[in-house]
There are 2 protein chains.
Amino acid sequence: MKFSKATNYALHTMLMLVDASPIKPVGVQQLAESQGVSPTYLSKILTRLVKAGMIESVTGANGGYRLSRKKDDITFLDIIHAIEGTSSLFECDFLHGEECLIQTVMKEAEEKMEWHLKTTKLADLAQNKTTV
Amino acid sequence: MKFSKATNYALHTMLMLVDASPIKPVGVQQLAESQGVSPTYLSKILTRLVKAGMIESVTGANGGYRLSRKKDDITFLDIIHAIEGTSSLFECDFLHGEECLIQTVMKEAEEKMEWHLKTTKLADLAQNKTTV
DNA sequence: CATTTACAGACTTAATATATCTATAATATC
DNA sequence: GATATTATAGATATATTAAGTCTGTAAATG
Ligand code: SF4
Ligand code: SF4
């Protein structure tokens, strides 16, 4: 039970894009190099963010990635969900009615975490000279 | 990023033990059968709960497992930590100073979840005719 | 002593994460 | 239009972890 490295890469990339130009896209080469990950792998991860509508890609020379939405609209949870999926952290095979207390407790706990991630916008971290 | 099945088994077992006698231990055979898991595997999981001091085991004929602490002292988080470990859900290779905001946000989010799991005692669910 | 039970460790299998490789499509620049 | 540059897709490969099995040992009961 850990966040994947892919999520880590996605968060760092998004942070870089927020601080970058909203017009001129940043190439995956550059994004990957500063994180010590291969460009092709990072590209695969970023494609998920594209499909989630958070960033957009520009093919061809001088292409790359840039934000598509306003910074203020993008939350941590958006990014995490795009990479890790949206299904619940706790799942059981059966479903013993609505009154199952184990599920209730676990789901509530997850919601607490999600609420915090949902209320923290990416813009909150921008311009903070965060290297890498 | 999911809770493991082992955690699921541990939670269900603990719930059964809370509702069982605090004196007469319950055999792993019975605990495993009602969850549809092999006794040897469940035994391996329960050993971690024993080492965490939550339950105690009784070897020999008519042996098994029973609670060692008061129900009220055992929280969800105790059980989860015993199985999943206590390390943080978000980890990065580097450490760019105290002011790293990504880590701060992620850790805070995790703490929200943990707080809920820590304040929910196992006893809160007991006696609720929860089958399986 | 024979039976019942938990425990330990080696081992196997299955599932998932983490990449890599190659070919293709789109775009800019010349 | 030709060429270089970049993202995308899909197949494949490797590594890591989860999930489960098997076998033998130790402890307690009766
Ligand atoms: S008791 Fe709840 S958590 Fe357990 S198997 Fe039933 S529905 Fe799932
Ligand atoms: S910026 Fe923060 S999360 Fe990212 S590598 Fe540095 S310390 Fe880790």
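Predicted, not measured: the structure shown is a model, and the values here were computed from it. Below, chains carry the letters A, B, ... as their sequence lines are ordered, and counting in each starts from 1.
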- Nearest 0.5 Å, what's the CG-OG1 distance between N8(A) and T13(A)? 9.0 Å
- Message: In whole Å, I'd like the distance from the CD atom of E91(A) to the P atom of dA15(C).
- Response: 15 Å
- Query: Is the side chain of S43(B) donor-acceptor paired with the backbone N or O of P39(B) at a distance under 3.5 Å, no angle test?
  - Reply: no
- Counting N and O atoms only, with roles assigned by atom type, does the side chain of S68(A) sit under 3.5 Å from a partner on the main chain of G53(A), one being a donor and the other an acceptor? yes
- Between CZ of R48(A) and P of dT18(C) the distance, given in whole Å, is 11 Å
- Short side-chain N/O contact from S43(B) to OP1 or OP2 of dA6(C), under 4.0 Å: no
- Item | Approximate separation, where rounding is to 0.5 Å, of M14(B) CE and L122(B) CG | 5.5 Å
- Task: Answer yes or no: does a side-chain N or O of Y41(B) lie under 4.0 Å from OP1 or OP2 of dA6(C)?
- Result: no
- Item | Neighbour count above 12 (heavy atom, 6.0 Å) for E56(A) CD | yes
- NZ of K2(B) versus P of dA15(C): gap in Å, rounded? 16 Å
- Message: If you assign each of M1(A) and L46(A) to its closest nucleotide in DNA chain D, which residue comes earlier from the 5' end?
- Response: L46(A)
- Protein-nucleotide distance (R66(A), atom CZ; dT6(D), atom C1'), rounded to Å: 14 Å
- Selected nucleotide, minimal atom distance to V50(B) side chain, candidates dC7(C), dA19(C), dA7(D): dC7(C)
- Apply side-chain contact (heavy atoms from CB on, under 4.5 Å) to E111(A) and list each qualifying residue two or more places apart in sequence or on a separate chain. none
- Message: Starting the side chain at C-beta, find the nucleotide from dA7(D), dT18(C), dA6(C) nearest to S4(A).
- Response: dT18(C)
- Counting any heavy atom closer than 4.0 Å, what does V37(A) reach on the DNA or RNA strands: base, sugar-phosphate only, or nothing? nothing
- Task: May I ask you to say what T47(B) touches in the nucleic acid, namely base, sugar-phosphate or nothing, with a heavy-atom cut-off under 4.0 Å?
- Result: sugar-phosphate
- Query: In B/S/- notation, 5' to 3', how is nucleotides 22-30 of chain D contacted by protein heavy atoms closer than 4.0 Å?
  - Reply: ----BBBS-
- Query: For A6(A) and Q29(B), take the nucleotide of DNA chain C holding the closest heavy atom to each; which residue's nucleotide lies nearer the 5' end?
  - Reply: Q29(B)
- Message: To the closest 0.5 Å, what do you measure between CG (L42(B)) and OH (Y9(B))?
- Response: 8.5 Å
- Where the side chain of S57(A) is defined as all heavy atoms beyond and including C-beta, which of dA6(C), dA19(C), dT8(D) is the nearest nucleotide? dT8(D)
- Drop me the distance from L46(A)'s CG to R48(A)'s CZ, to the nearest 0.5 angstrom. 11.5 Å
- Going through the distances and angles, do E108(B) and H116(A) end up as a side chain to side chain donor-acceptor pair (under 3.5 Å)? CA-CA 8 Å; E108(B) 280 171 357; H116(A) 188 254; 3.0 Å; yes
- Grab the CG-P distance between L31(B) and dT5(C) for me, whole Å please. 12 Å
- Tell me which nucleotide among dA7(D), dG20(D), dT20(C) gets nearest to the side chain of K5(B). dG20(D)
- Would you mind reading off the distance between K24(A) atom NZ and dT6(D) atom P, rounded to a whole angstrom? 10 Å
- Message: For a quick check of understanding: with a heavy-atom distance under 4.0 Å over all strands, which category does F3(A) fall into, base, sugar-phosphate or nothing?
- Response: nothing
- Note on the structure: For DNA chain C, the dot-bracket notation using Watson-Crick and G-U wobble pairs below 3.5 Å, [ ] for pseudoknot-type crossings and | for other-strand pairs, is ||||||||||||||||||||||||||||||
- Message: Using whole Å, what does the distance between atom C1' of nucleotide dA6(C) and atom CG of L49(B) come to?
- Response: 14 Å
- Message: From CD of E56(B) over to P of dC7(C), roughly how many Å is that when rounded to an integer?
- Response: 11 Å
- Query: Quick one: which of dA6(C), dT8(D), dT20(C) gets closest to the side chain of Y65(B)?
  - Reply: dA6(C)
- Keeping the roles fixed (side chain from K112(A), backbone from E110(B)), state whether a donor-acceptor pair exists under 3.5 Å. no
- Other residues, nucleotides, ligands: >12 heavy atoms within 6.0 Å of E91(B) CD: yes
- Message: From C-beta outward on K51(A), which listed nucleotide comes closest to its side chain: dA9(D), dG20(D), dA6(C)?
- Response: dA9(D)
